[in-house]
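Numbers restart at 1 for each chain; the letters A, B, ... are given by sequence-line order, proteins then strands.
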Number of protein chains: 2
Amino acid sequence: MTGQVRTVDGRVAGRRGQETRQKLLDCLREMLGSSPYRDVKVIDVARKAGTSPATFYQYFPDVEGAVLEIADSLAKESGSLKELVQGKSWAGKAGRATAEGLVDGFLTFWRRNEAILRVVDLGAAEGDKRFYRIRMRILNSVNNSLTESIKELQSKGRVGKEVNPAAMAGALVVMLAGVAGHQKGFQPWGVKQAQLKPTLTQLVHLGVTGRKPAA
Amino acid sequence: MTGQVRTVDGRVAGRRGQETRQKLLDCLREMLGSSPYRDVKVIDVARKAGTSPATFYQYFPDVEGAVLEIADSLAKESGSLKELVQGKSWAGKAGRATAEGLVDGFLTFWRRNEAILRVVDLGAAEGDKRFYRIRMRILNSVNNSLTESIKELQSKGRVGKEVNPAAMAGALVVMLAGVAGHQKGFQPWGVKQAQLKPTLTQLVHLGVTGRKPAA
DNA sequence: AACTTGTCCTGTCATGCCGTCAGCTTACCG
DNA sequence: CGGTAAGCTGACGGCATGACAGGACAAGTT
């Protein structure tokens, strides 16, 4: 479907080339975890990968281009997140467990890919369409299934009509993303990890069902 | 209290110097609004301010340093945000109005200072202590007053003891910040501004009081 | 084994930004 | 009017960028 991997100058990349390309992506990913995005230089990535800057430019137009590549693969991977919500019940104790699982799964996913998601967030906030398309794809799986859940509850009359399902799902997802990206930011307020999750669980449950979760 | 403004090489800045300095800050602020943070160059800022790069380096160690400066003044300004919550009632119709005012005021503030806050967010997420200290100061005014509100409701028995006030306030504030920073991100989901605010209002009210707002 | 073909990598170069310094100009003050 | 400190900039070495041409290499062909 995606055709073959191509170099910037149009050649088709072979086995060896793809390996080099992948190595560059891996190194970039690692560097993003340890130094500020603004300071990541092509030459450093190339050095770390044991190759030269010129090679980097054969496979990517610039650092941003390479980040987009990584983010894209992340977007594909994120499809599995919808299983955190799809087909789960929001009633009684099961509802609480669903909310808990969603919070937990989402936070874990975010933390695992922190470095890339930071850059995606920035790009999207800056209005770059390529980045916010990817951000949307990543959040979409959760957002869509949450929207469905709320719509369903609404049709059963268990949630008020004043709620806009898509808006509510979006707000909750953005909240989770925001918290995941700034977990350290809670420490100065004296909030520990262990207290954060129950709170988020409660909020998600409240948002989706309009009711507090069962004990 | 803050002593005098000083140049990087230790001189005291006079009237003229402070003007130049301020002009550089203004130009930087404007550039951050129109081009990606990663691409903002000292030379461009200097040119725009009608001066030379060397002058820039007299007043700031680097671009980041200048951004911190702007962010700092923003942090001072943000103190007024606490009035959105402090002394307001969370009961009945007044409660709804309080939630509404908070959402509205917060979103407006965030949008007005979008460009800088984006960079602060990134810096904080990347673990830079200077940035996340500032981010905390900005969110603190709202966060603290919200925490107080929740504690008070809790002491009156109107909110369950299972809620951790600081964690709940933090989650709500982060949600607002997240939504404010990605308002465009909702469009592809078919969510309009007008639908977003009521949803946030509802969530804030639910989070603080545990109950839906009055019609 | 020599040749061919197409992929893959690197040396090199022009360009432009970074960050610093010495030194010139301007403003203020006695 | 001369001294002093503030304010600004030209110029420079250093480094990243991005483009290109040519060499190295693997695989198949004769």
Side-chain angles (χ1 to χ4, degrees), chain A residues 2-32 34-69 119 123 128, chain B residues 2-28 30-32 34-69 119 123 128 130:
Chain A
T2 55
Q4 292 141 315
V5 179
R6 287 185 172 272
T7 59
V8 169
D9 55 340
R11 280 199 308 252
V12 181
R15 198 210 75 231
R16 196 171 149 221
Q18 296 205 22
E19 274 173 21
T20 309
R21 199 182 124 99
Q22 192 54 50
K23 188 165 202 171
L24 284 168
L25 288 177
D26 292 343
C27 290
L28 171 56
R29 192 171 201 153
E30 198 180 329
M31 299 208 75
L32 282 175
S34 61
S35 59
Y37 176 49
R38 197 168 201 281
D39 296 339
V40 171
K41 308 289 179 195
V42 169
I43 197 171
D44 297 323
V45 178
R47 262 202 286 262
K48 195 180 180 77
T51 176
S52 76
T55 300
F56 182 96
Y57 287 109
Q58 271 211 328
Y59 296 106
F60 312 102
D62 48 27
V63 173
E64 198 181 274
V67 171
L68 275 167
E69 192 77 17
V119 180
D128 186 311
Chain B
T2 55
Q4 292 142 316
V5 178
R6 288 186 171 271
T7 59
V8 168
D9 55 340
R11 282 198 305 250
V12 181
R15 201 212 70 228
R16 196 170 151 221
Q18 296 203 21
E19 274 174 22
T20 308
R21 200 183 124 99
Q22 191 55 49
K23 189 165 202 172
L24 285 167
L25 287 177
D26 292 343
C27 289
L28 171 56
E30 199 180 328
M31 299 208 75
L32 282 175
S34 61
S35 59
Y37 177 50
R38 199 169 199 281
D39 297 340
V40 171
K41 310 286 180 198
V42 169
I43 198 172
D44 297 323
V45 178
R47 263 202 285 262
K48 195 179 181 77
T51 178
S52 75
T55 300
F56 182 96
Y57 286 108
Q58 273 212 327
Y59 296 107
F60 311 103
D62 48 26
V63 173
E64 200 181 271
V67 172
L68 275 167
E69 192 77 15
V119 180
D128 186 310
R130 297 166 305 170

Within residues 61-69 of chain B: residues closer than 4.0 Å to DNA chain D (heavy atoms): none
Whether A:Y59 contacts C:dC9 is assessed here as follows: a side-chain N or O lying under 4.0 Å from the phosphate OP1 or OP2. Is that the case? yes
Quick one: is C:dT20 close enough that its OP1 or OP2 comes under 4.0 Å of any side-chain N or O from B:Y57? no
Using whole Å, what does the distance between atom P of nucleotide D:dC8 and atom CG of B:L24 come to? 9 Å
Qualifying residues under side chain to side chain donor-acceptor pair (under 3.5 Å), relative to B:D26, sequence neighbours excluded: B:Q22
Measuring only between side-chain heavy atoms, which start at C-beta, is B:L24 closer than 4.5 Å to B:L28? no
Which residue pairs pass the ring pair (Phe, Tyr, Trp, His ring centres under 6.0 Å) test with at least one member in residues 36-57 of chain B, sequence neighbours excluded? B:F56-B:F60
Of all the choices, C:dT20, C:dT10, D:dC8, which nucleotide is nearest to the side chain of B:T55 once you look at every atom? D:dC8
CG on A:D128 to CG on A:L68, rounded to 0.5 Å: 6.5 Å
Considering only distance and modelled atom types, tabulate donor-acceptor pairs under 3.5 Å from the side chains of residues 10-17 of chain B, sequence neighbours left out.
residue : atom : partner : partner atom : Å
B:R15   : NE   : B:E19   : OE2          : 3.4

Between atom OG1 of A:T20 and atom CG of A:L25, what is the distance when rounded to the nearest 0.5 Å? 11.0 Å
For D:dG7 and B:T20 - does any side-chain N or O of the residue sit under 4.0 Å from the phosphate oxygens OP1/OP2? no
Using five base pairs at each end, measure the axis-to-axis angle across the helix from C:dA1-D:dT30 to C:dG30-D:dC1 and round it to 10 degrees. 10°
Qualifying residues under salt bridge (Lys or Arg N to Asp or Glu O under 4.0 Å), relative to A:R21, sequence neighbours excluded: A:E69
Donor-acceptor contacts, no H, no angles, side chain residues 42-53 of chain A, under 3.5 Å, sequence neighbours left out:
residue : atom : partner : partner atom : Å
A:D44   : OD1  : A:R47   : NH2          : 3.4
A:T51   : OG1  : A:T55   : OG1          : 3.1
A:S52   : OG   : A:T55   : OG1          : 3.4

Evaluate whether atom CD of B:E30 has more than 12 neighbouring non-hydrogen atoms of other residues, nucleotides or ligands under 6.0 angstrom away. no
Can you name the residues that form a side chain to side chain donor-acceptor pair (under 3.5 Å) with B:E64, not counting sequence neighbours? B:R130
5'-most contact on DNA chain D (nearest-nucleotide basis), A:A54 vs B:A54, goes to B:A54
Measure the distance from CZ on B:R21 to P on D:dC8 and round it to the nearest whole Å. 12 Å
Report all interatomic pairs (protein N or O, nucleotide N or O of nucleotides 3-6 of chain D) with separations under 3.5 Å.
residue : atom : partner : partner atom : Å
D:dA6   : OP1  : B:V12   : N            : 3.4

Whole angstrom value for the distance that separates C1' of D:dG7 from CZ of B:F56: 17 Å
The correct set of residues in residues 35-50 of chain B placing a heavy atom under 4.0 Å from DNA chain D is none
Within the structure shown, what part of the strands sits under 4.0 Å from B:F60 by heavy-atom distance: base, sugar-phosphate, or nothing? nothing
Quick one: closest heavy-atom pair of B:R38 and B:K41, and the distance? O-NZ, 4.1 Å
Using a cut-off of 4.0 Å on non-hydrogen atoms, how would the nucleic acid contact of B:T51 be classed: base, sugar-phosphate, or nothing? sugar-phosphate
In whole angstrom, give the distance that lies between atom CG of B:D9 and atom C1' of C:dG23. 14 Å
